[in-house]
Amino acid sequence: MNPDVEIKVKIRLDFKGQGRPGRFLFGGKPVDKAAEEVREQQVALFRNVPVQGIHIEDIDMSIEVYTVWDDLSEAEVAYAPVILSITAENIEDLLRFIAREDFRKIEVIEPGRLVMSRYDLERFLFRVGAEMKNHLAHLERKYNSR
């Protein structure tokens with residue numbers, strides 16, 4: 001793969017929000033407001049924290065928050081979608097977005113075609129494996145600390 005080829009993509013992330021019951025009659029938070037808060041926090045990070053090899057060109061928060069019933073938690077859960085328009089220096093730099101729990105969809109804008117050498121494919125697949133291990137370790141720490 002030519003290392004000078006930039007990759008332009010649109011990535012959709014749906015940030016999860018769960019309502020918190022209030023004490024007595026006050027302080028509760030609806031699930032849709034919780035999801036919007038998570039989305040705003042994450043978008044602030046995307047805007048203010050640079051990511052090596054990634055240039056975020058646009059952040060679209062215009063998609064409405066939606067709610068679904070979660071069978072595991074037996075509660076209503078809301079998701080606040082965001083679409084990031086990203087230019088990446090190489091395909092490996094996109095893995096940190098793809099391995100996220102809130103990743104939903106990717107659309108490759110450019111290039112129309114990508115050719116990888118055997119070495120590049122091996123390196124990419126190795127990086128996918130490493131990202132998956134990191135993600136699983138993160139989830140394990142997250143759920144074991146509860």
Side-chain angles (χ1 to χ4, degrees), residues 1-21 28-146:
M1 185 169 92
N2 187 348
D4 298 328
V5 174
E6 289 186 333
I7 300 171
K8 292 186 180 190
V9 298
K10 287 187 178 185
I11 294 178
R12 177 175 167 158
L13 305 173
D14 288 8
F15 297 108
K16 184 177 182 178
Q18 293 179 306
R20 294 179 225 125
K29 185 173 287 191
V31 291
D32 57 337
K33 296 297 180 201
E36 285 176 2
E37 281 185 11
V38 172
R39 172 171 64 184
E40 288 172 12
Q41 291 169 356
Q42 291 296 314
V43 165
L45 286 173
F46 291 137
R47 286 191 173 127
N48 297 316
V49 178
V51 178
Q52 185 176 353
I54 297 289
H55 174 69
I56 298 177
E57 297 185 13
D58 186 43
I59 299 175
D60 180 4
M61 300 189 326
S62 66
I63 302 173
E64 293 292 320
V65 174
Y66 64 95
T67 58
V68 294
W69 181 259
D70 183 15
D71 290 334
L72 293 176
S73 65
E74 295 186 0
E76 193 173 63
V77 178
Y79 291 93
V82 153
I83 297 178
L84 303 172
S85 296
I86 295 174
T87 300
E89 290 179 6
N90 60 55
I91 197 168
E92 291 176 23
D93 292 332
L94 294 171
L95 288 178
R96 66 189 66 176
F97 293 95
I98 307 304
R100 294 175 60 109
E101 191 174 341
D102 40 35
F103 169 76
R104 293 296 178 268
K105 182 181 174 185
I106 185 167
E107 177 186 354
V108 178
I109 307 298
E110 290 179 12
R113 186 169 183 206
L114 190 63
V115 178
M116 297 177 81
S117 70
R118 189 178 92 201
Y119 170 75
D120 290 330
L121 180 59
E122 289 169 357
R123 192 176 76 205
F124 175 72
L125 293 173
F126 178 81
R127 193 71 199 278
V128 167
E131 284 292 326
M132 295 298 289
K133 286 178 188 175
N134 287 340
H135 182 67
L136 290 174
H138 169 74
L139 287 176
E140 192 174 300
R141 286 191 306 274
K142 178 180 173 181
Y143 291 113
N144 286 340
S145 67
R146 290 185 175 183

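The structure displayed is predicted, hence computed values, not measured ones.
- Summarising the local packing, CD of Glu74 is surrounded by 12 or fewer heavy atoms from other residues, nucleotides or ligands at distances under 6.0 Å.
- Surrounding CE of Met61 are more than 12 heavy atoms belonging to other residues, nucleotides or ligands, all under 6.0 Å away.
- Interatomic distance, CZ of Arg39 versus CZ of Phe46, reported as 12.5 Å (0.5 Å rounding).
- Of all heavy-atom pairs spanning Phe97 and Ile11, the tightest one is CB-CD1, 3.6 Å.
- Interatomic distance, Glu122 CD to Met116 CE, rounded to the nearest 0.5 Å: 10.0 Å.
- What you find for Asn48 and Pro50 is that their closest heavy atoms are O-CD, 3.6 Å.
- Note that CD1 of Ile83 is 6.0 Å distant from CZ of Arg12, once rounded to the nearest 0.5 Å.
- Without hydrogens or angle criteria, Asn90 side chain to Asp93 main chain gives a donor-acceptor distance under 3.5 Å.
- Under a 4.0 Å N-O distance rule, the pair Glu37/Lys33 does not qualify as a salt bridge.
- Taking the side chain as every heavy atom from C-beta outward, Glu101 and His138 never approach each other to under 4.5 Å.
- Val82 and Val43 make their closest contact through CG2-CG2, 3.8 Å (heavy atoms, listed as atom of the first residue, atom of the second, distance).
- A distance of 6.5 Å separates CD of Gln42 from CG of Asp102, quoted to the nearest 0.5 Å.
- Remark: Lys16 does not engage Asp14 in a salt bridge, criterion side-chain N to carboxylate O under 4.0 Å.
- Minimum interatomic distance between Ala35 and Val65 (heavy atoms only, all atoms of both residues): CB-CG1, 4.3 Å.
- Taking CD of Gln41 as the start and CZ of Phe15 as the end, the distance is 10.0 Å to the nearest 0.5 Å.
- Across every non-hydrogen atom of Arg96 and Glu131, the tightest pair is CA-OE1, 4.1 Å.
- Counting non-hydrogen atoms of other residues, nucleotides and ligands closer than 6.0 Å to OH of Tyr66 gives a total above 12.
- One distance of note links NZ of Lys10 with NZ of Lys105; it measures 9.5 Å at 0.5 Å rounding.
- Of all heavy-atom pairs spanning Ile7 and Ile91, the tightest one is CD1-N, 3.4 Å.
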Inset, instruction - Verify side chain to side chain contact (heavy atoms under 4.5 Å, CB included) between Lys8 and Glu57, making sure each step is shown before the conclusion. - result: CA-CA 10 Å; Lys8 292 186 180 190; Glu57 297 185 13; 4.3 Å; yes
